[in-house]
Amino acid sequence: MDLLIEHRSYPSLFRTGEAEERGISRHHLRYDPRFSAVTAGIRRDEVRCVEHPTPSWADEKWMEESLRLRAMTMVVPRIVAGGATAARLFGLPLPHRLIDEHLHLVTFDPGRKVARKGMTVRRHAREEAGYWLELPMHSPVGVFLDLSAELTRDELVALGDAIVGGWHGPPLCSLEFLRTKSTQRNYLRQRAQVESALSLIREDVDSPQETNLRLWALSRGLPEPVVHPRVYCRLLNRTVEPDLGYPHVKLALEYEGEHHLLSKSQWASDITRDEALRHEGWEVLRVTSQMSRAELERKIRYHLEQKAGGGGR
């Protein structure tokens with residue numbers, strides 16, 4: 001999946017001491033909300049705007065957070081977004097408790113101390129950073145490992161699935177790279193949890209709901225479903241890839257999010273896909289957030305047992 005990028009308009013940033021040369025009076029600087037402070041010493045100028053590349057899925061909160069990051073780079077050299085802030089800017093899934101207004105930053109200068117309201121700066125000896133859409137970011141591996149101390153095992157798997165998968169765009173790194181770099185770390189506060197999560201992360205996952213459904217199946221003692229099993233459908237003359245499936249019993253699991261129900265074109269596409277799969281002898285179980293998991297488990301076990309007992313087709 002390609003990352004769809006738009007160029008959106010943002011307020012330009014300037015140092016407070018540069019107001020006069022920009023033609024901004026002391027009165028306007030103090031009272032005009034168009035020139036409000038982003039952080040101490042840095043102001044926004046909503047009269048003179050600039051364009052920056054922005055993911056098509058980004059909302060106003062994303063744009064504001066990226067603006068605050070840009071402001072901090074004007075104050076502290078070589079500072080980058082880290083932890084929950086980097087995850088949010090990358091478009092990675094986080095639990096609601098980590099979605100806040102706090103700015104999480106990383107510096108690779110061991111002697112630098114930064115104390116500002118509304119932000120936390122973590123110091124790292126290992127410099128792993130780069131630019132993503134012009135934003136200085138801690139590496140995806142660094143973000144994954146930093147958040148391992150704040151996330152549960154399953155939440156960490158969802159984060160890893162999104163890093164190596166195609167939820168909001170192409171993978172940020174490969175699963176092999178994530179595993180290799182993680183295991184090479186000499187010190188990890190949550191090594192056992194990280195290793196457990198790495199063993200469960202899969203490539204090509206499209207959404208956290210797919211991750212949650214797969215981990216739920218494992219928690220119930222069911223075999224792990226395959227991510228996007230490939231099924232050639234003669235009715236469509238192409239290969240179809242359900243969200244999850246058990247190819248040996250021809251059982252597909254399709255998670256139906258809200259957009260599947262609200263979009264007429266998506267709904268029609270889903271029906272066509274399901275008909276094509278059934279034509280190939282597959283059973284399709286459509287899963288929603290409201291569906292009884294006990295009922296879903298019974299249906300999956302029935303199909304698995306039918307195959308084991310020789311009743312599969």
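Quantities reported herein were computed from a predicted structural model and do not represent experimental measurements.
- A distance-only check finds no donor-acceptor pair linking the side chain of S196 to the backbone of A192 [under 3.5 Å].
- Checking S174 against E176 by side-chain atom types alone, no donor-acceptor pair falls below 3.5 Å.
- Of the charged side-chain nitrogens involved, at least one lies within less than 4.0 Å of a carboxylate oxygen, so that R185 and E128 count as a salt-bridged pair.
- With hydrogens and angles disregarded, no donor-acceptor distance shorter than 3.5 Å links the side chain of T180 to the backbone of F177.
- Between atom CG of residue L67 and atom CD1 of residue I42 there is a gap of 10.5 Å, rounded to the nearest 0.5 Å.
- Take R122 and apply the salt bridge (charged side-chain N to carboxylate O under 4.0 Å, His left out) test, not counting sequence neighbours, and it matches D146.
- Cluster membership for V249 and Y302, using ILVMFWY side-chain heavy atoms within less than 4.5 angstrom, is not shared.
- Around the CD atom of E20, the shell of radius 6.0 Å holds no more than 12 heavy atoms that belong to other residues, nucleotides or ligands.
- Remark: of the listed residues P242, S207, S289, S289 is the sole one forming a side chain to side chain contact (heavy atoms under 4.5 Å, CB included) with Y255.
- Under a 3.5 Å cut-off, the side chain of D100 and the backbone N or O of H102 do form a donor-acceptor pair.
- A donor-acceptor pair shorter than 3.5 Å can be found between the side chains of T85 and E65.
- Taking the side chain as every heavy atom from C-beta outward, D161 and V227 never approach each other to under 4.5 Å.
- Between H124 and H138, the ring-plane angle classifies as tilted under the 30° and 60° cut-offs.
- Residues P95 and E155 come closest through the heavy atom pair CB-OE2, 3.6 Å.
- For the pair L222 and W216, the minimum side-chain heavy-atom distance is below 4.5 Å.
- Side chains of R278 and V284 form a contact here, defined as non-hydrogen atoms less than 4.5 Å apart.
- Residue V143 comes nearest to A86 through the heavy atom pair CG2-CB, 3.5 Å, listed as atom of the first residue, atom of the second, then distance.
- In summary, E64 and R44 engage in a salt bridge, as defined by a charged side-chain N under 4.0 Å from a carboxylate O.
- Between R286 and E254 no salt bridge is recorded (no basic side-chain N to carboxylate O distance below 4.0 Å).
- For the residue pair L159 and P93, the shortest heavy atom distance occurs at CD1-O, 3.9 Å.
- The aromatic rings of H27 and Y31 sit tilted relative to each other, their planes meeting at an angle between 30° and 60°.
- A salt bridge does not link R214 with D154: none of the charged nitrogens is closer than 4.0 Å to a carboxylate oxygen.
- Cluster annotation: L172 is not connected to V80 through the hydrophobic network of ILVMFWY side chains, with a link wherever side-chain heavy atoms come within less than 4.5 Å.
- L13 and F35 are assigned to two separate hydrophobic clusters, defined by single-linkage of ILVMFWY side chains at heavy-atom distances under 4.5 Å.
- To the nearest 0.5 Å, atoms OG1 (T54) and CE (M63) are separated by 5.5 Å.
- The hydrophobic cluster containing L69 does not contain V106, counting ILVMFWY residues as joined when their side-chain heavy atoms lie under 4.5 angstrom apart, directly or transitively.
- The heavy-atom pair separating P136 from Y131 by the smallest distance is N-CD2, 3.7 Å.
- Electrostatic pairing of K61 and D59 does not count as a salt bridge here, judged by no charged N lying under 4.0 Å from a carboxylate O.
- A donor-acceptor pair is defined here as one N or O able to donate and one able to accept, closer than 3.5 Å; no such pair exists between the side chain of E210 and the backbone of L244.
- Salt bridge status for R22 with D45: present, with a side-chain N to carboxylate O gap under 4.0 Å.
- No salt bridge links E297 with R293; every basic N to acidic carboxylate O contact stays at or beyond 4.0 Å.
- Distance check, rounded to the nearest 0.5 Å: OG1 of T239 to NE2 of H228 gives 14.0 Å.
- Between E224 and R202 there is a salt bridge, with a side-chain nitrogen of the basic residue lying less than 4.0 Å from a carboxylate oxygen of the acidic one.
- At a threshold of 4.5 Å between non-hydrogen side-chain atoms, the residues D274 and W282 do not count as touching.
- Under 4.0 Å is where a charged nitrogen must lie from a carboxylate oxygen, and between R78 and E127 at least one such pair does.
- Shown here for D206 and W167, the closest heavy-atom pair between the two residues is O-CD1, 2.7 Å.
- Atom CZ of R191 and atom CG of N186 lie 7.5 Å apart (nearest 0.5 Å).
- Residue Y232 places its OH atom among more than 12 non-hydrogen atoms of other residues, nucleotides or ligands, all under 6.0 Å distant.
- Salt bridge E18/R48: absent, no basic N to carboxylate O contact under 4.0 Å.
- W62 places a side-chain N or O within donor-acceptor distance of the main-chain N or O of L89, the cut-off being under 3.5 Å.
- The shortest heavy-atom contact between L178 and I201 is CD2-CD1, 4.0 Å.
- E51 and R8 are not joined by a salt bridge, as no carboxylate oxygen comes within less than 4.0 angstrom of a charged side-chain nitrogen.
- Between the side chain of T272 and the main chain of A268, a donor-acceptor pair closer than 3.5 Å is present.
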Given salt bridge (charged side-chain N to carboxylate O under 4.0 Å, His left out), test E280 with R234 step by step and report yes or no. CA-CA 8 Å; E280 299 302 324; R234 288 166 292 177; 3.0 Å; yes
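- Put simply, F144 and V164 are part of the same group of oily side chains (I, L, V, M, F, W, Y) that touch within less than 4.5 Å, one to the next.
- Although no hydrogens or angles enter the test, the distance criterion places no donor-acceptor pair under 3.5 Å between the side chain of Q190 and the main chain of L151.
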Stepwise, does the salt bridge (charged side-chain N to carboxylate O under 4.0 Å, His left out) test hold for E256 with R273? CA-CA 13 Å; E256 307 291 352; R273 174 206 63 206; 3.4 Å; yes
